[in-house]
Protein chains: 2
Amino acid sequence: MGVKERRTREKEQLRRQILAAARELFVNEGYENVSMRKIADKIEYSPTMIYLYFNGKADLLDSVCQETLLNLLNTFELLKKDKSDPVENLRKSGKAYVEFGLKYPQDYKLTFVVRPQYQKGLGLPEGSVGERVFNYLSAMVSECVRQKTFRQVDVEITGQALWSAVHGVTMLLIDFPDFPWTAKDKLIDTVIHTMIGGLKA
Amino acid sequence: MGVKERRTREKEQLRRQILAAARELFVNEGYENVSMRKIADKIEYSPTMIYLYFNGKADLLDSVCQETLLNLLNTFELLKKDKSDPVENLRKSGKAYVEFGLKYPQDYKLTFVVRPQYQKGLGLPEGSVGERVFNYLSAMVSECVRQKTFRQVDVEITGQALWSAVHGVTMLLIDFPDFPWTAKDKLIDTVIHTMIGGLKA
DNA sequence: TGATATACTTAACGGCGTTAAGTTAAATTA
DNA sequence: TAATTTAACTTAACGCCGTTAAGTATATCA
């Protein structure tokens, strides 16, 4: 009687196969240059089959983005363990955030630019991965204030400001790769260092 | 013999008409949801006629963005007169930049996100409007350093870092309007104030 | 074994950016 | 003024696209 189970497993596997193909194509060719037909070709099924597993192209995008956010969260969790120097942790996290964006630029834009464009009216749903990422950032700011390395800033708004800064440098480096940046790495460090400097007691 | 002149004038006028229609549609419906046919419909010409005035859809986008950059530059020029307090000038300019983005969010995204996506390999061409905008920012930083209000920072990289910060907060406020921001105005001020704080001597 | 449900495909709809070829009307020339 | 050239614009088409309705084959179940 393991028939249903096997079928479910097979469906799940195919679903993942579609998702993997979609991710690879979205990342390499850009969302709008990828057609359902191309995705179908890649996995050697007919285009319409995809609609039995996803509601459409936008839904595929959405699922890809969810995975991306989970990856980002994992990157952060790795840094979470070290409790010694909260400011240094914050700096490292900021750097990790930007580097994550530059490593998966298409994913990053998919998540933080394209998706909100296609999925209007999304805040940060309670318990969502996005919320957890942001909470992690706020917690680090809070720790810096508690240790009196930072002056008595509003933790919430400071978290948002830091997010703004790292998001900005990430976006510019992704969108204008041919801009005459003095040095990309130096720019990232400068943005983070300047923000942290402006928060110190 | 004013025939040629009149013809030139008429062509110019039609060109502007196309551009205005394209801008309105791009802004209201999003670049990828606008077709050449829709633009043509709006101005009551055949779609192919547009190709006699522009090289294609991406070229139309390019021209629309040039206009936006000119508008941004004009906004800055209005602030340029006051020479008394360069730090205050920088703060005001940053605020003006973000407010420009929020006032014309779609135009802003068209220029700083969508355009680079469709027009790969654009740096800052010599004498371009983009270059003038960026030079304006750098000049202000330079003045702050000269007056010793800022420490001896690299002017170029600092300009880029400031641009990153204001771009970031602009983008987040545009893309996540429903995020529980503590207060949008306060956030903008915090980002700018924190960056400036981190640059002071 | 025959009925039923599931997984997948074929064919089509309307729309897209863009191009080649054709048409019409105005300006120029003889 | 009549013929010719030139410019402005349109028609028709190509090969794509996302998505849906209808159809087919295969595996499961009674």
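Note that these values count all heavy atoms, side chains included, but never hydrogens, waters or copies made by symmetry. Letters A, B, ... mirror the listed sequences (proteins, then strands); counts begin at 1.
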(message) What is the separation between atom CD1 on B:Ile43 and atom P on D:dA8, rounded to the nearest whole Å?
(response) 15 Å
(request) Give the nucleotide from the list C:dT18, D:dT10, D:dG18 with an atom nearest to the side chain of A:Met36. (result) D:dG18
(request) Write down the distance between CG (A:Leu52) and C1' (D:dT19), rounded to a whole number of angstrom. (result) 12 Å
(message) Is there a side-chain contact between B:Trp181 and B:Ile188 in this structure, where contact means two heavy atoms from C-beta onward sitting under 4.5 Å apart?
(response) no
(message) Please report the distance, rounded to the nearest Å, between CG in B:Asp59 and P in C:dG17.
(response) 14 Å
(message) Which residues in residues 11-23 of chain A have a heavy atom closer than 4.0 Å to any atom of DNA chain C?
(response) A:Lys11, A:Leu14
(message) Between the side chains of A:Lys95 and A:Asp185, is the shortest nitrogen-to-carboxylate-oxygen separation below 4.0 Å, so that they form an ion pair?
(response) yes
(request) Can you establish whether the number of heavy atoms outside B:Glu10 located under 6.0 Å from its atom CD is more than 12? (result) yes
(request) Could you work out which one of C:dA20, D:dT19, C:dC8 sits closest to the side chain of B:Thr48? (result) C:dA20
(request) Note the angle between the end axes of the helix from C:dT1-D:dA30 to C:dA30-D:dT1, five pairs defining each, rounded to 10 degrees. (result) 20°
(message) In this structure, how many angstroms lie between the P atom of C:dG15 and the NZ atom of B:Lys57, rounded?
(response) 16 Å
(message) Minimum heavy-atom separation for B:Arg151 and B:Gly198, please, with both atom names.
(response) NH2-O, 2.6 Å
(message) Counting distance alone, no hydrogens or angles: does the base of D:dG18 have a donor or acceptor under 3.5 Å from a partner atom on the side chain of A:Arg37?
(response) yes
(message) In whole Å, I'd like the distance from the CD1 atom of B:Ile50 to the P atom of C:dT18.
(response) 10 Å
(request) Measure the distance from OH on B:Tyr118 to C1' on C:dT18 and round it to the nearest whole Å. (result) 16 Å
(request) Taking atom types as modelled, find out whether B:Ser138 and B:Glu156 have a side-chain donor-acceptor pair closer than 3.5 angstrom. (result) no
(message) Starting the side chain at C-beta, find the nucleotide from D:dC9, C:dG17, D:dG18 nearest to B:Met49.
(response) D:dC9
(message) For the residue pair A:Glu29 / A:Gln106, report whether a side-chain donor-acceptor contact shorter than 3.5 Å exists.
(response) no
(request) May I ask you to evaluate whether A:Tyr53 reaches the phosphate of C:dC8, defined as a side-chain N or O under 4.0 Å from OP1 or OP2? (result) yes
(message) Just the rounded figure in Å: distance from C1' of C:dG17 to CZ of B:Phe54.
(response) 16 Å
(request) Scan B:Tyr118, B:Tyr31, B:Tyr104 and name whichever one has a ring pair (Phe, Tyr, Trp, His ring centres under 6.0 Å) with B:Phe26. (result) B:Tyr31
(request) Ignoring backbone atoms, establish whether A:Ser35 has a side-chain N or O less than 4.0 Å from OP1 or OP2 of D:dC17. (result) yes
(message) Does A:Lys200 qualify as a cation-pi partner of A:Phe150, given the criterion of NZ or CZ under 6.0 Å from the six-membered ring centre and within 45 degrees of its axis?
(response) no
(message) By nearest atom, which of the nucleotides D:dC9, C:dT18, C:dC8 is closest to the B:Pro47 side chain?
(response) C:dT18
(message) So B:Met171 and B:Tyr108, do their side chains get closer than 4.5 Å, heavy atoms only?
(response) yes
(request) Figure out the CG/P separation between A:Asn33 and D:dG18, and round it to whole Å. (result) 11 Å
(request) Look at A:Glu12 together with A:Arg9 and state whether they make a salt bridge at an N to O cut-off of under 4.0 Å. (result) no
